[in-house]
Structures are given as structure tokens and as C-alpha cells.
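Quick notes on the structure that follows.
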Amino acid sequence: MSDVRVRIAPSPTGFFHIGNAKTAVINWLFARSRGGTFVLRLEDTDTERSKPEYADIICEALHWLGISWDEGPDFAGEPQAGDLGPYRQSERRDLHLGEAQRLLESGNAFKCFCTKEELDAERERAQAQKRPPRYNGKCRNLPAEDIDAKGGAPFAIRFKVPEGQTILDDMVQGTVKTENKEFDDFIIVKPNGDPVFHLAVVVDDGLMKITHVIRGDDHLSNAMRHKMLFEALGYDVPKFAHLPMVLDEHGKKYSKRLHGANLLDWRDDGYLPSTMLNYLVLLGWTPSEEGRELFTPEELIDAFDETRLGKSAGKFDLKKLQWLNGQHIRMMSVEALCEALLPIMKTAGLDTATKDEAWLLRMTEICQEKIPTLNDIVPYTEFFFNGVTEYEEKPVKKNWRKEGVVERMDAMLVAMESVSDWTADALKESFTALSESMGVGLGQFTNPSRLALTGKAVGPGLFELAELLGRDEAIRRMRNGIAHIQALEPQA
RNA sequence: GACCCCAUCGUCUAGUCUGGCCUAGGACACCAGCCUUUCACGCUGGUGACACGGGUUCAAAUCCCGUUGGGGUCGCCA
């Protein structure tokens, strides 16, 4: 194992966002491709919003995507793993506070006695005067006796931002330079004694010996603060990689309210985890093998190379995702696909238990080339189970109101009854012969009969579906269809 | 508002660091055609982009400056 150590640090405050998923995927790929360690740390310090069930969801989402971690807390039935824990941030409070104390002692931090009210007022004043809303440094150089004089007054601990500038050599964004005076002395411990995010991440990343911090570029400005903190604490400064964020189809930040913001929405919509992995990576990374887009998770680990991460934000494109999902469905083995399909069919009320395994595999086979998502299996096969309850209006108009359709349907019925071997091949042969002898295109036979057998215009191949339906049922449905055509009202 | 980041077909992008091979390549989408039992798959072809303005240079998508547009940060949220 190499010394690469990366982490993801989701907050269990809601569902697992698509942006979190992208970050997780890149971190995971980086770790796996470099033989490094992938750490999962739960940032659950926001006691108001953090809930255990949200942590369970993170676990579920990661498992679904096929992302495994090497170190992490015990949660959602997973045991704790790793020696640098605890991996739940709320359990690391003493560590954070101890480090804040060190900062205080080394003169890199100071106690601030300003009240929230004072600060809010000051901020408003700054905004009114169009000044940057910054801390005014009032308590920065308070003499010891003044501090003593405050007695037991509550105080926050602020980091004393050093002079000079901070330069970040970001793996994605390149060199980013900021004057330190752009930052005010930010709070690292609240008056109530809670450590603030900036302190907590840096202490955790430092103590967990994280070598590469890979996260969304909404943290780019924060990273400057974090680097100063790393240096003040005497930790090795990790390398940073700030990934562009995932935008929605209109180029806006992917709002939590939008369908699809929740990674698991895609599972529910019938997308494969391997598709999501593949798609998320493509949204901001290109392989060195030019033009290649289709990858299995294993192939991604092989091909991944962090130098090819892009720096501009990408919009989520549903059409491309659908295409990619179709490709992934086609790459699956029939057995695996069948296994993925059955629960979906059951949920939709299709009683798959009435069919044997060979039948189900054949069904899978004839749908594999056609369905864009797993969920499409339901409209593609429901007629096998539910029978034909109604005929779609449009294809009726298109196929059943044509001249001579009853004659052709009758001829097909006869052909079906006389076919010796009820297989797709034999049926095709028989229909083709019919089409030739009557001098009418094959489509004039297959389209009307598809409607009779399925009630729809779209579905699996006609002969294959007829084979699976069985001779008796197919013939019965043909008869019903013919009766229906004869009962059609003349068109207005 | 201040600071930071970004900017190539409708979309994801290659090419930018290390100017010339770029009359800008691929993929999705779209259009046309082929294949074909529907839809789909597949195949062939097509439409379609270097945000704008200045420089530098024999030569710029590529380097520099400015403008515009988008995003982020500026919390006792994470």
C-alpha cells in the first residue's frame, strides 16, 4: 500500500447529494489507482441537523455506488476500521480543543471577548458602507492583564492570520495566490466551547495523516485558511485538489430540491451504479486514451489519472446519462441483468414467480438491447403478465384502420396455427412467406399483430415475444384482436 | 461590494502548460440516409464552437492586458 491517504467527509444532514457522490468517486478512484487508503469521516458536529438515519443513507449510497472505504466509523452496521480514529467528528472534540489550546500557547490564536451582538452590528455597518465585512481585530492584541480582568467572561478563540500571502499549488486549479490580509482572524472555537469547521477539518486531516484533500471547489477560498492553519499547527500540508461542482441542466447549482440531486434518485429511476460511476467521472475528467468514454469500475481504476481532471464546471446531461446507461446494460451478462430486473418487476406487480428461469433469461435477452433504464422493463414486459387490457389509441389508428387488415390478420392466425415448431425463427419464416405470397410488406403483418399480442406499438421483437407468450395465448390474443378490429366504429 | 476561480459545437469535452501538425478532433443530442417486424441497437453522412476587444509574434484556441458572462468565498453552517 502506498502512503497516499485521502478522505471524504460528508455531513449526515440529509440525503447523499450528487456533488458528494462526484467527490467520493474521484477520491476513491485516486486512492484505488494509487494503492492508497480511503478514509470515511463523518462530520456530524452540527447537532441541530445531523441525524443517525442520514448517516445510514450515506452508507447505503456509497454501497450502492460500489465504493468501499478502508477506514471509517462504526455505523449503519459497519464496524470501525483504522487506527487513526475516532472517525466521527463529534467524538474528536477534545482533540480539536487541545490543538486550539496549542495555538493559543504558540501565539497563533487569541481569545476574543466580542459578543455576537457587537459583531453583527459591526458587520451590518460594514455592509452599509460597502466595506468587506471583516472582524476589526479588536481583541487581537489584548494585553494579559486585560484578559485577566475579563474574569470568566465567555470568549471565542480566533486564529491570528499571519502577515504575507498564501500560495496554494492546487492539483486541479493550479497555483492560487491570495494576500493574507484578505482574510480576517476567523473563529476556531465558539464561545460555547464548540470547535468550528475550519479547525476541525484541519486537525482531523492533519492527525489522520491525509496526504491529498480532494473536494469541491466551493472550498477553494477556505483552503487558503486551512493551509495557514496546517502550518501554524506544524502538520504536513496535504496536497489540495478542488474539483469543479456539478451543475443542473440549466447551469445552476444543483439544488437539493431538484429530482436527481439525491444520488439514490438515480437508483430508483433504474440507472446502474456502474453508469453513475462512469458518468460522474466523465463530468470533469477525460482519459488519456482519447475518445474513450465507456468504462467499467475496474477499468476506471486502471485508467484514472488525476492530471487529467478538468477545471470547469459541468452541467448534468440526462440524455447522455441515458445513453451511457443503455451501454452499461448491454455490457452486463444476461444473468446479472435478469437478477437486477426481477425486483423491479415484482415491485411493479408483475408475478415473475409464474415463469421458470429459462423463460426469464430469454425475456431478459430480448429486452437487453432495447431498454435504456432498468425500469423500462416494466412497460416492455407487463403484457406477458397482465394480458392485454386495452389497445393504445395511436397504433390502432395507424395499423388497424387500414384496408385489408382483417384479411392479413386472419392469414396470420392460420399461419400461426399451422406452424409446426413454435419458435421465433419458425414464426419469422412463416410470416415472411406470407408477406411474399400476398405481396405485402412484412411490416403490414407484424405491426397489427404486435398490437394484438401486446396492446402497444413498442416492445421486444415480435417473434421473440410471441415465442415467449406461447402458442395458445398468442392465438387467443390474435382472435381477440381480430374481434376488436371488426367492432371498430367507422372513422368520423 | 472585496477577493478567488472558470470560459472551445445545444451538452460533456480533446487541444492550452511546452504557440505552427487545428481549414479545431471525439461523444451525447439533433437532422438525413442505410439496415430493419415496431421501438431501439448498429452503420454512413450532415448541421454545429475557440465569449468579446486589444496587444505580443513570421504564426494564437494556445502567451499578455482589458471587458463581459458564470461560479465560489467573505458565519459563533459544514
Side-chain angles (χ1 to χ4, degrees), chain A residues 9-11 13 43-46 48-50 89 112 114-116 119-120 123 126-127 129-134 154 156 158 168 170 172-174 176-179 181-184 186-192 194 196-198 200-201 216-225 242 244-245 247 249 251-253 279 282-286 288 290-294 308 310-324 326-327 330 367-372 376 380 395 398-399 428 431-432 435 441-447 449-451 454 456-464:
Chain A
S11 303
T13 52
E43 304 218 325
D44 59 345
T45 45
D46 185 342
E48 300 270 301
R49 297 190 299 150
S50 294
Q89 200 164 55
C112 173
C114 297
T115 64
K116 190 168 174 39
L119 294 170
D120 287 347
R123 190 174 302 126
Q127 237 132 33
Q129 295 172 21
K130 300 204 167 171
R131 279 185 293 119
R134 299 248 186 73
R158 286 183 184 268
L168 199 71
D170 194 276
V172 174
Q173 307 290 341
V176 182
K177 199 190 300 178
T178 306
E179 297 297 326
K181 64 173 167 23
E182 297 299 334
F183 301 102
D184 58 2
F186 53 94
I187 291 178
I188 54 176
V189 179
K190 303 178 199 176
N192 70 2
D194 285 344
V196 169
F197 163 73
H198 298 299
V201 244
D217 69 5
D218 48 336
H219 281 298
L220 187 56
S221 301
N222 287 336
M224 309 312 265
R225 294 186 175 83
H242 288 90
M245 310 178 62
L247 271 20
E249 287 173 80
K252 294 283 169 203
K253 203 170 153 183
Y279 185 73
L282 252 28
L283 216 53
W285 176 82
T286 31
S288 50
E290 198 176 331
R292 172 135 189 233
E293 297 196 295
L294 196 57
R308 295 193 63 84
K311 44 162 64 173
S312 57
K315 299 188 184 84
F316 204 93
D317 184 0
L318 182 62
K319 285 285 172 50
K320 182 121 186 187
L321 182 70
Q322 276 170 349
W323 169 78
L324 196 60
Q327 299 298 314
R330 265 146 239 148
C367 295
Q368 182 165 27
E369 293 300 311
K370 294 167 180 281
I371 52 174
D376 286 300
Y380 266 78
K398 194 175 164 196
N399 295 305
K428 182 174 185 179
F431 272 42
T432 308
S435 140
L442 191 55
Q444 296 299 314
F445 293 88
T446 53
N447 293 341
S449 50
R450 161 185 303 282
L451 192 50
T454 69
K456 304 167 194 253
V458 178
L462 176 69
F463 305 117
E464 289 80 4

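Every chain is numbered from 1, with letters handed out A, B, ... down the list of sequences.
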Practice prompt. For A/H219, answer base if it contacts any base atom (sugar-phosphate contacts may also be present), sugar-phosphate if it contacts only those atoms, and nothing otherwise; contact means non-hydrogen atoms under 4.0 Å.
Written response: base
Worksheet item: For B/rA24, which nucleotide is its Watson-Crick or G-U wobble mate, given both distances must be under 3.5 Å?
Response: none
Worksheet item: Is any side-chain nitrogen or oxygen of A/K253 closer than 4.0 Å to OP1 or OP2 of B/rG70?
Response: no
Discussion item. Between B/rG19 and B/rC58, how far apart are the two P atoms, rounded to whole Å?
Written reply: 15 Å
Worksheet item: Given the P atoms of B/rA27 and B/rA14, what is the spacing between them in whole Å?
Response: 15 Å
Practice prompt. Name the pairing partner of B/rU73, where a pair is Watson-Crick or G-U wobble with both distances under 3.5 Å, or state none.
Written response: B/rA2
Fill in: Interatomic distance at C1', B/rA29 relative to B/rC9, whole Å
11 Å
Practice prompt. Scan A/Q89 against the nucleic acid and name what it touches under 4.0 Å (heavy atoms): base, sugar-phosphate only, or nothing.
Written response: sugar-phosphate
Practice prompt. Remember a base hit wins even if backbone is also touched, and classify A/A156 as base, sugar-phosphate or nothing at under 4.0 Å, heavy atoms.
Written response: nothing
Discussion item. For B/rA27 and A/K319 - does any side-chain N or O of the residue sit under 4.0 Å from the phosphate oxygens OP1/OP2?
Written reply: no
Practice prompt. Could you work out which one of B/rA14, B/rA78, B/rU37 sits closest to the side chain of A/L442?
Written response: B/rU37
Discussion item. Using the C1' atom as the point on both nucleotides, what is the distance between B/rU13 and B/rU8, in whole Å?
Written reply: 9 Å
Fill in: Heavy-atom check, side chain of A/T286 versus side chain of A/R308, under 4.5 Å
yes
Item to complete: Check whether any side-chain nitrogen or oxygen of A/Q327 sits under 4.0 Å from OP1 or OP2 of B/rG42, and answer yes or no.
Response: yes
Fill in: Any donor-acceptor N/O pair under 3.5 Å between B/rA27 base and A/K320 side chain
yes
Worksheet item: Do any side-chain nitrogens or oxygens of A/R308 fall under 4.0 Å of OP1 or OP2 in B/rG15?
Response: yes
Practice prompt. Describe the nucleic acid contact of A/L282 in one word from base, sugar-phosphate, nothing, applying a heavy-atom distance below 4.0 Å.
Written response: sugar-phosphate
Worksheet entry | Length of the CG-P vector between A/L294 and B/rC41, whole Å | 14 Å
Item to complete: Could you let me know what B/rA14 is paired to, Watson-Crick or G-U wobble, both distances under 3.5 Å, or none if it's on its own?
Response: none
Worksheet item: What does A/P460 touch in the nucleic acid at a heavy-atom separation under 4.0 angstrom: a base, only the sugar-phosphate, or nothing?
Response: base
Worksheet item: Contact class for A/T115 (heavy atom, under 4.0 Å): base, sugar-phosphate, or nothing?
Response: base
Worksheet item: Between A/S221 and B/rC74, does any side-chain N or O lie under 4.0 Å from OP1 or OP2?
Response: no
Worksheet entry | Whole-Å P distance, B/rC39 and B/rG46 | 25 Å
Worksheet item: Toward the 5' end of RNA chain B, which comes first, A/P191 or A/R292, by nearest nucleotide?
Response: A/R292
Worksheet item: Mind checking the P distance from B/rG25 to B/rU47? Whole angstroms is fine.
Response: 11 Å
Item to complete: Scan A/Y380 against the nucleic acid and name what it touches under 4.0 Å (heavy atoms): base, sugar-phosphate only, or nothing.
Response: base
Practice prompt. Could you check whether A/C367 gets within reach of a base, just the sugar-phosphate, or nothing at all, counting any heavy atom under 4.0 Å?
Written response: nothing
Practice prompt. Write down the distance between CZ (A/F197) and P (B/rG75), rounded to a whole number of angstrom.
Written response: 14 Å
Discussion item. With nearest nucleotide decided by heavy atoms, which residue, A/L220 or A/V458, maps closer to the 5′ end of RNA chain B?
Written reply: A/L220
Practice prompt. Identify whether any heavy atom of A/G459 sits under 4.0 Å from a base atom; if not, whether one sits that close to sugar-phosphate; answer base, sugar-phosphate or nothing.
Written response: base
Practice prompt. Under a 3.5 Å limit for both distances, which nucleotide forms a Watson-Crick or G-U wobble pair with B/rA7, could you say?
Written response: B/rU68
Item to complete: Tell me what A/R158 touches on the nucleic acid: a base, only sugar-phosphate, or nothing, going by heavy atoms under 4.0 Å.
Response: nothing
Practice prompt. Identify whether any heavy atom of A/F463 sits under 4.0 Å from a base atom; if not, whether one sits that close to sugar-phosphate; answer base, sugar-phosphate or nothing.
Written response: base
Item to complete: Mind checking A/K252 for me? I need base, sugar-phosphate or nothing, with any heavy atom below 4.0 Å counting as a touch.
Response: sugar-phosphate
Worksheet entry | Partner nucleotide, any strand, of B/rA32 [Watson-Crick/G-U, under 3.5 Å] | B/rU44
Worksheet item: Looking across every strand, which nucleic acid part, if any, lies under 4.0 Å from A/N222 by heavy atom: base, sugar-phosphate, or nothing?
Response: base
Worksheet item: What's the closest nucleotide to the A/D218 side chain, out of B/rC12, B/rU37, B/rG72?
Response: B/rG72
Worksheet item: What about A/K370, does its side chain sit under 3.5 Å from the base of B/rC39 through a donor-acceptor pair?
Response: yes
Practice prompt. Using the C1' atoms only, state how far B/rC52 lies from B/rG70, rounded to an integer number of Å.
Written response: 15 Å
Practice prompt. Pick base, sugar-phosphate or nothing for A/E464, based on heavy-atom distances below 4.0 Å to the nucleic acid.
Written response: base
Fill in: Whole-Å C1' distance, B/rC65 and B/rG10
31 Å
Discussion item. Please report the distance, rounded to the nearest Å, between CG in A/N399 and C1' in B/rU37.
Written reply: 11 Å
